[in-house]
Every structure is written in structure tokens, then in C-alpha cells.
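Comments concern the structure below.
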Amino acid sequence: MIAFGPVPSRRLGYSLGINHIPAKTCTYSCVYCQVGRTTHMPLERQEFYPVEQILAEVGQKVTEVAEAGKKIDYLTLVPDGEPTLDLNLGKIIRELKQFGIPVAVISNASLIDRLDIQQELMEADWVSLKVDSVDEAVWRKINRPHRRLSLPIILEGMLAFKQKYPGKLVTESMLVAGLNDNERTTRQLCNFLLELQPSISYLSIPTRPPAEAEVTPPSPEALQEIIEICSEQVPFVELLFESEVGDFVSTGNLKEDILSITAVHPLREEPLRAMVSAAGGTWRVVEDLLADGSILTILYRDERYFFRRFKKSGPKESITQSF
Ligand code: SF4
């Protein structure tokens, strides 16, 4: 299936996904990739699916959604591989415009130095470029790129693209424990983001089973430090800590459930409230955990995130700066 969804997305609203690249055809083999290890790593662009087939599937979905009385906010090229490897990328973006819905592309940026790809992406309304690290050694460890790719060339390509792109450019950085979660890599990343000046720089963490089992999100302490550094330096950073609490099953001990979930990934207030109420509890249990220092809360752009605190050192004040 090429067209899937639409699914609610924090970045793009109600987004219809378009998977126009065969699974695991990518220029990277990121350690955190949810699709598993890359099995086909070309640098040459090629045709994968006929444009007519893509348009027919998207058209059918658009009709179904309209008949259901719903609205699609974005048609999003978000394949299980790298979208810019598709030789038809420009044509697909252009043809998708016939539906009158903004088009988004989520790319790993590895080929962004190429002028043909820059030109094709110019026609998209929203482009996301990946930048997990601007340190070549760290980039090689996290993204495990094709051996002929070069990080300085990619970063130059991103800067050149930003200069001419009229749409909304965002970046996304995945934070991985032991790789890019230290002060040095964070400051390096912030400096690059300040130079690039995207509309928004999203920070995210692995929350679903990654390609490599040993890949984990940074500890709450490391995350807190990263957030504090970014808050001082980069005004357009946003957290994209999606928490999958839809599958939450109560073990009968709400306190333990909150501790175990927040130990794995931060929870936003809204899903945490939903979780508490689904378990028949009250918000008092969260207040008690905050009061005894077991969890802490960070206010970020008017949204509260709850983290597990591993070093129990008594009640702590919330970090309340807005950035
Ligand atoms: S760039 Fe995306 S699809 Fe490619 S390996 Fe990384 S996470 Fe997976």
C-alpha cells in the first residue's frame, strides 16, 4: 500500500502518508530506524513506482476521507526509505498539488547538496531535514551512512537549500544515549541550527523498537541538560517526545505504572492525565510523585513533560523557562 492513514501528527495535523520507496531502500542505516537495518543502500536515484499508481492511490484515499467528512492537512512523503532517492520526486510533488492539499517531505538530507533534488523540493510546502549530529564520527555511528557520503557536504547543502527555499523548513534530530546526548554534541548541534535558521528544530527520542536492540533514549538527566542548553541558545527548538500510551494496560499499581513509563520516555500532561483517568486514579498520585522527587516536570512551550528522576534527592523545583 502506497497511501496510508491519514494519521494525526503533532507536526502536520491530519496527515496522509505516502510510502513511495520500497522498505529499507535508504542512504542511511540509522541505529534507531524503526523499519530495521537498511538492505538496499544506493546513492543513484531511480524510479520505484509509476507516478500514476501513486496518484491513483492518493486520490482514492482523499475521496474516502472527504466522504467521511474529514479534512487532510498534509499529503506527506514519508516512505520506509529515503524519499529523495525517487527519480520522480519532483513530478510526484507537482502532481499531488492537484488535490489542493499542502505537500510535505520528510528526508534524511543525505542528498540535499544535489541541485536537482533542491530544485524538486522547492515545490513542497513543508520539508523536514534530519540532522542528528554535526560531528562526523558521531554521524557515522548513529546514521551509518553510505560510505561515499560526506557530512560537511550535506551540511553545506542544507545551508544552500535554506537560502532559496520559500516553504517551511524544519529539522529533526533523534537523541540516542551514549552517542549524541552529551554537552559537546549538543552545543555543536545548536551552533549549526542557529546558522541554518529553520522554522522549527524538533528534538525526538527513540520510543519504538529500533533497528539495534541496545539503542535507548538519553537518561532524564541527560535530556534535562540537553533541553537546558538548547533553551539558552536556540529559540526555535521544540520537543517531539511522542508517547505511546494508547496501549497502556494498568497493572493495578498506578504509581508503579507511571514510574515505569516515564523511565522509558517522557510523558506529556495530556496523555498522562488520560492514563491516570483510564486507571481510575486521580491526579493526586502524580502530585505525590512530584512531591517526593520520584518524577520531575519540565515546562516547554506551555506543555508540561513528566520525567522519571533516578537520583532521588528530595523535592525539586520544576524547570519553568519557556523556550
Ligand atoms: S534515514 Fe530514516 S529510513 Fe533511513 S535508516 Fe534512517 S531512520 Fe531509517
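The residues of the chain are indexed from 1 along the displayed sequence. As the structure lists them, so they are numbered: ligands from 1, and atoms in each ligand from 1.
- Contact check on R45 versus D116 returns a salt bridge, with a Lys/Arg side-chain nitrogen under 4.0 Å from an Asp/Glu carboxylate oxygen.
- Taking a cut-off of under 4.0 Å to the non-hydrogen atoms of N108, the atoms of ligand 1 that pass are 1 (S).
- Counted by atom type alone, D132 and N143 present one or more donor-acceptor pairs between their side chains at under 3.5 Å.
- Side-chain contact check for I93 versus M122: every heavy-atom pair is 4.5 Å or farther apart.
- Nearest to atom 6 (Fe) of ligand 1 among the protein's heavy atoms is C30 SG, 2.3 Å.
- Heavy-atom proximity to K130, at under 4.0 Å, picks out these atoms of ligand 1: 1 (S).
- What sits closest to atom 8 (Fe) of ligand 1 on the protein, heavy atoms only, is C33 SG, 2.3 Å.
- Distances from ligand 1 to the non-hydrogen atoms of R144 include no value under 4.0 Å.
- A heavy-atom distance below 4.5 Å is found between the side chains of M174 and V176.
- The ligand atoms of ligand 1 that sit less than 4.0 angstrom from a heavy atom of K24 are 5 (S), 8 (Fe).
- Note on C26: not counted as a metal contact of atom 6 (Fe) of ligand 1, no N/O/S atom lying under 2.8 Å.
- The shortest side-chain heavy-atom distance between S110 and I154 falls under the 4.5 Å cut-off.
- Ion pairing between E136 and R140 holds under the 4.0 Å rule for side-chain N and carboxylate O.
- Per-residue contacts place Y28 under 4.0 angstrom from the following atoms of ligand 1 (heavy atoms of the residue considered): 1 (S), 4 (Fe), 5 (S).
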